[in-house]
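What follows is a short report on a single structure.
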Amino acid sequence: MESPEKQLELLKRGASQINSEAELLAKLRLGRPLNVKLGVDPTAPDIHLGFTVALQKLRQFQDLGHQAILIIGDFTAMIGDPSGRSKTRPQLTHDQVMSNAKSFQQQAFKILDSARTRTVFNGEWFEMMTFEQVMKLNGRVTLQQMLQREDFKSRIERGEPVHLHEIQYPIMQGWDSVMIKADVELGGTDQLFNILVGRDLQREENQPEQVVFLMPLLEGLDGVQKMSKSLGNYVGVSEPPSEMFGKLMSISDELMARYYLLLLGEELPDIHPMDAKKQLGFRIVERYHSTAAAEGALADFNTRFSKRDLNQADLPIVQMAGVEPDIVSVIVASFFQAFQVQKSRGDARRLVEQGSVQLRGEKVAELKAIPALNAGDVLRLDKKHAVRIG
RNA sequence: GGGUAGAUACCGAAGUGGCCAAACGGGGUGGACUGUAAAUCCACUGGCUUACGCCUUCGAAGGUUCGAAUCCUUCUCUGCCCA
């Protein structure tokens, strides 16, 4: 095991805030594996790159010999974390949550070492609690404390509802820390408050308080809001290689620097931005799929977009048997078959009118065209989607 | 419990009996330009339709009217004030 000082130095890298470093160092000096907690709410079945920032840090703790504890918030997910939320999250059923949790774990183990990870469901203790115990727990936190939170405060200012069950969230997350005797809790910067509540509760239970360890939040593809499933600006770790690569290629240059820093832990290399972006895409695909997949995605991107040669590209194949022969119907069917996207005929018509649709490299501009489709023909639908006729 | 204000398309927000498929802004999509970057310009943005037009939509359900997002009734949800 590395010396405590060396560990601290490694761990600090990329962190946004540690409360406090001195405390962390003291814990590292205990010479035993620390319980490092990372909580996740399986509100959606997929992990996206934003969450991997914290996961990677947890992996680093693991590699330094500490005990990673992944808390699956099966119970809290039914409430929904209000952090950074302008609206109440929809509540999920327990069945939804459990099925999400399953695929969530699989994906988390692309980053974590599954053999050395303890996974816990917080329903284990919350389902057993009596109302009396719940009330007792509530008695330890004041409304004023809860209302200090920026997200609640701003919702109140804007005249939007804050429900009581949302106020319970930090208490529950804090109680998780007590139950697993966390030494360190990892989270995004938006988790500061929740993690601090954990410290309060631990102190009340005469436990040593956990160190607050915050990682920066990764912006989503739009470069403005944090990456999140519900905003649709995310890259999922289980997305197909070319999809993943394509999404990363579409980010802005400023954002690319952030991604380098937070996902690869490096400075942006001093090369042409497009090449840098291709490297980024390659390495991310490589990490979550394989080197071969990354090479494939890169090659595909190059033929498809850099050389604008759709013909050689690896495109999804669509069957047109039983589909009306007019171009609009063909487009709608293609979107649905190849990408599971339900376009309206109006959307499809618009794509034709505005000159996006190409068959065998020729623009199809006539709405009522009955195109002659041969097997192997390439049909370009829009900027990002093209198919091959089967 | 009492009072009061509100609920409009992806979001914000106008509209307060016909000119409303509903202004405007943001977002999104397509085109030009490019590096699937940024910036800029143009177009589109409920469904069906080549089009005329038809259909569904303004929290929900009923009603008044030739005609309702707009008026009435009941209901659901939310803010604010009072208790």
Side-chain angles (χ1 to χ4, degrees), chain A residues 85-88 90-91 147 152-166 219-225 228-235 239-260 268-269 271-282 284-285 297-310 313-315 324-329 331-332 334-336 339 341-358 362-371 379-386:
Chain A
R85 278 294 182 128
S86 56
K87 285 186 181 164
T88 308
Q91 295 182 30
L147 295 184
F152 287 152
K153 223 191 272 177
S154 65
R155 269 159 70 177
I156 289 167
E157 271 161 24
R158 277 177 299 164
E160 284 165 6
V162 176
H163 294 269
L164 283 179
H165 74 267
E166 297 180 86
E219 291 84 358
L221 296 172
D222 54 48
V224 182
Q225 295 184 274
S228 96
K229 189 94 186 168
S230 47
L231 292 171
N233 61 359
Y234 68 98
V235 181
E239 290 191 52
S242 59
E243 188 75 15
M244 193 180 260
F245 193 92
K247 280 186 177 178
L248 290 167
M249 285 308 287
S250 75
I251 64 176
S252 70
D253 291 357
E254 302 85 83
L255 191 58
M256 173 166 59
R258 286 283 287 170
Y259 279 28
Y260 258 88
L268 184 61
I271 53 177
H272 188 283
M274 191 185 57
D275 293 326
K277 217 187 279 180
K278 282 181 180 174
Q279 274 188 27
L280 172 73
F282 184 93
I284 299 292
V285 173
L298 175 63
D300 193 52
F301 180 87
N302 283 335
T303 47
R304 241 171 123 165
F305 297 104
S306 300
K307 291 190 210 148
R308 293 172 196 272
D309 183 3
L310 284 174
D314 185 19
L315 302 174
E324 292 291 314
D326 65 283
I327 187 68
V328 172
S329 301
I331 291 168
V332 172
S334 298
F335 266 111
F336 189 71
F339 309 106
V341 174
Q342 187 62 60
K343 288 273 184 197
S344 72
R345 296 178 63 79
D347 283 332
R349 199 173 299 125
R350 222 165 282 128
L351 287 172
V352 174
E353 280 170 351
Q354 302 187 349
S356 168
V357 176
Q358 294 174 11
E362 301 278 324
K363 221 169 241 190
V364 181
E366 188 52 52
L367 276 181
K368 43 198 174 188
I370 308 284
L379 179 66
R380 177 192 192 262
L381 302 169
D382 65 25
K383 239 189 312 206
K384 294 169 188 169
H385 298 102

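Order of the sequence lines sets the chain letters (A, B, ...), proteins ahead of strands, with each chain counted from 1.
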Would you find a donor on one side and an acceptor on the other, under 3.5 Å apart, between the side chain of A:Y260 and the backbone of A:A276? yes
Pairing partner of B:A7, by Watson-Crick or G-U wobble and under 3.5 Å for both distances, is B:U76
Between C1' on B:C11 and CD on A:E160, what's the gap in Å once rounded to a whole number? 12 Å
To the nearest Å, how far apart are A:Q354 CD and B:G30 C1'? 4 Å
Check this for me: does any side-chain nitrogen of one of A:D275 and A:K278 sit under 4.0 Å from a carboxylate oxygen of the other? no
To the nearest Å, give me how far apart CD (A:Q279) and P (B:A37) are. 19 Å
Does the B:G27 base have a donor-acceptor partner in the side chain of A:D222 within less than 3.5 Å? no
Opposite nucleotide pairing with B:U57, Watson-Crick or G-U, both atom distances under 3.5 Å: none
Given the P atoms of B:C19 and B:U73, what is the spacing between them in whole Å? 25 Å
Same-atom distance (C1') from B:G28 to B:G46, integer angstrom: 15 Å
Which heavy-atom pair separates A:G220 from A:L255 by the least distance, and what is that distance? O-CD2, 3.2 Å
More than 12 heavy atoms of other groups within 6.0 Å of A:K153 NZ: yes
Check: A:H272 side chain, A:M274 main-chain N or O, donor-acceptor pair, under 3.5 Å: yes
I need the CG-C1' distance between A:L221 and B:G28, as an integer number of Å. 14 Å
Of A:V357 and A:K278, whose nearest nucleotide on RNA chain B comes first from the 5' end? A:V357
What is the distance from CD of A:E219 to P of B:A38, rounded to the nearest Å? 15 Å
Return yes if some donor-acceptor pair links the side-chain N/O of A:K277 with the main-chain N/O of A:I251 below 3.5 Å, else return no. yes
Using a 4.0 Å heavy-atom cut-off, does A:I251 contact any base of the nucleic acid, only the sugar-phosphate backbone, or nothing at all? sugar-phosphate
Span that lies between the P atom of B:G17 and that of B:U76, in whole angstrom: 28 Å
If we take the C1' atom in both B:U8 and B:A68, what is their distance in whole Å? 14 Å
If B:U16 has a Watson-Crick or G-U wobble mate with both distances under 3.5 Å, name it; if not, just say none. none
Fit a plane to each ring of A:F335 and A:H385, take the angle between them on a 0 to 90° scale, and name the class: parallel (under 30°), tilted (30 to 60°) or perpendicular (over 60°). perpendicular
Are side-chain N/O atoms of A:R349 and A:S344 paired as donor and acceptor at under 3.5 Å? no
Short heteroatom pairs, N/O only, protein and nucleotides 49-51 of chain B, under 3.5 Å:
from, atom 1, to, atom 2, distance (Å)
B:U49, OP1, A:R345, NE, 2.6
B:U49, OP1, A:R345, NH2, 3.2
B:U49, OP2, A:R345, NE, 2.8
B:U49, OP2, A:R349, NH2, 2.4

Categorize A:D382 for me: base, sugar-phosphate, or nothing, with a 4.0 angstrom heavy-atom threshold over every strand shown. sugar-phosphate
With the side chain defined as heavy atoms from C-beta on, A:S356 is closest, among B:G31, B:A37, B:U78, to B:G31
Indicate, with a heavy-atom threshold strictly under 4.0 Å, whether A:K247 touches base, sugar-phosphate, or nothing. nothing
Round to the nearest Å and state the distance from A:K384 atom NZ to B:G35 atom P. 17 Å
Taking atom C1' in both B:U16 and B:A5, compute the distance separating them and give it to the nearest angstrom. 16 Å
Rounded to whole Å, the OH-C1' distance (A:Y259 to B:A37) equals 13 Å
In whole Å, what separates the C1' atom of B:U40 from that of B:G47? 34 Å
B:U45 and B:C33, which share atom name P, separated by this distance in whole Å: 24 Å
Whole angstrom value for the distance that separates C1' of B:G35 from CE of A:M256: 10 Å
Closest nucleotide of RNA chain B for A:K383 versus for A:F301: which of these residues is on the 5' side? A:K383
What nucleotide among B:G31, B:G35, B:G79 has an atom nearest to a side-chain atom of A:P161? B:G79
Shortest side-chain distance from A:R308, nucleotide among B:U36, B:G47, B:C44: B:U36
Distance check, P atoms only: B:G1 and B:C11, in whole angstrom units. 31 Å
Would you say the side-chain atoms of A:K368 pair up with the backbone N or O of A:D326, donor to acceptor, closer than 3.5 Å? no
Scanning all shown strands, the Watson-Crick or wobble mate of B:A38 with both distances under 3.5 Å is none
Heavy-atom check, side chain of A:V235 versus side chain of A:I284, under 4.5 Å: no
Watson-Crick or G-U wobble partner of B:A69, both distances under 3.5 Å: none
Please determine, for the side chain of A:R350, which listed nucleotide (B:U45, B:G35, B:A32) has the closest atom? B:U45
Looking at A:S250, I'd like to know whether one of its side-chain N or O atoms comes within less than 4.0 Å of OP1 or OP2 on B:A37. no
Pair assignment for B:A43, Watson-Crick or G-U wobble, requiring both distances under 3.5 Å: B:U29
